[in-house]
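Report on one structure; see the data block that follows.
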Amino acid sequence: QNTDIKVLSGVICNMHQYMAEMWTKMWKTNSEELKEKAMVWRKEPTIHRIERPSRLDRAHKLGYKAKQGIIVVRTKVGRGGMRKQRPKSGRRPKHLGVVRIKQTDSMKLVAERRVNEKYPNMEVIGSYFLYKDGKNIWYEILLADPAHPSISRDVEFKKRLKAFAK
């Protein structure tokens with residue numbers, strides 16, 4: 001019985017390893033499948049909740065579980081230089097589009113912050129890179145609801161989330 005568990009865990013590890021290799025191969029070859037997915041992603045809203053992660057291997061490494069209280073959000077962040085031109089016409093500073101993007105913050109952190117603002121009751125578990133083109137970078141961000149009973153009872157998430165930190 002103990003050997004069955006070892007074999008099973010080996011199969012799962014190999015499956016995740018295979019998934020990771022497939023994603024790297026798709027990035028390196030700039031595959032048509034990935035380009036088609038990007039075309040669909042461009043038409044979606046900037047912050048878009050999805051049912052399941054695109055990169056299951058990466059999501060599991062970050063602690064994703066298919067259970068209530070955990071959601072996956074795909075977000076798009078604009079690429080380009082940090083020195084954005086200030087708009088000529090007047091508007092309030094919040095809507096200038098130049099604040100809160102700094103050279104010290106990675107685009108991944110910017111994406112996480114934007115998603116956190118949209119979902120204030122959730123906590124970011126982790127995020128990972130999906131794809132980039134000339135204008136955008138896409139990330140998938142894993143969020144957990146600390147108030148949800150299935151999360152608050154889970155020992156692993158209690159250790160991981162800030163809401164339970166003492």
Find out if a path of hydrophobic residues (ILVMFWY) with successive side-chain heavy-atom gaps under 4.5 Å connects Y128 to I141. no
Yes or no on side chain to side chain contact (heavy atoms under 4.5 Å, CB included) for V73 and M122, after CA distance, side-chain angles and deciding distance? CA-CA 11 Å; V73 176; M122 308 290 266; over 6 Å; no
Check the surroundings of atom CD in Q68: do more than 12 heavy atoms from other residues, nucleotides or ligands lie under 6.0 Å from it? no
Shared hydrophobic cluster for W138 and L56 (ILVMFWY, side-chain gaps under 4.5 Å): yes
Please report whether the ring centroid of W27 lies less than 6.0 Å from that of F129. yes
Does atom NZ of K132 have more than 12 heavy-atom neighbours from other groups under 6.0 Å away? no
Is there side-chain contact between W23 and L130, with heavy atoms separated by less than 4.5 Å? yes
Residue that, paired with D133, satisfies salt bridge (charged side-chain N to carboxylate O under 4.0 Å, His left out) out of K37, R42, R79: R42
Residue pair E140, R58: steps toward the salt bridge (Lys or Arg N to Asp or Glu O under 4.0 Å) verdict: CA-CA 10 Å; E140 276 186 7; R58 198 70 189 98; over 6 Å; no
Y139 backbone acceptor or donor facing K108 side chain under 3.5 Å: no
With distance as the sole test, does T75 use its side chain to make a donor-acceptor pair with the main-chain N or O of A111 at under 3.5 Å? no
Identify which one of I125, L143, V115 satisfies the side-chain contact (heavy atoms from CB on, under 4.5 Å) criterion when paired with I71. L143
Does M107 share a hydrophobic cluster with V124, counting links as ILVMFWY side-chain heavy atoms below 4.5 Å and allowing steps through other members? no
In plain terms, say whether K35 and E32 are close enough for a salt bridge, that is, a side-chain N and a carboxylate O under 4.0 Å apart. yes
Once you measure the plane-to-plane angle for W41 and Y131, does it fall in the parallel (<30°), tilted (30-60°) or perpendicular (>60°) bin? perpendicular
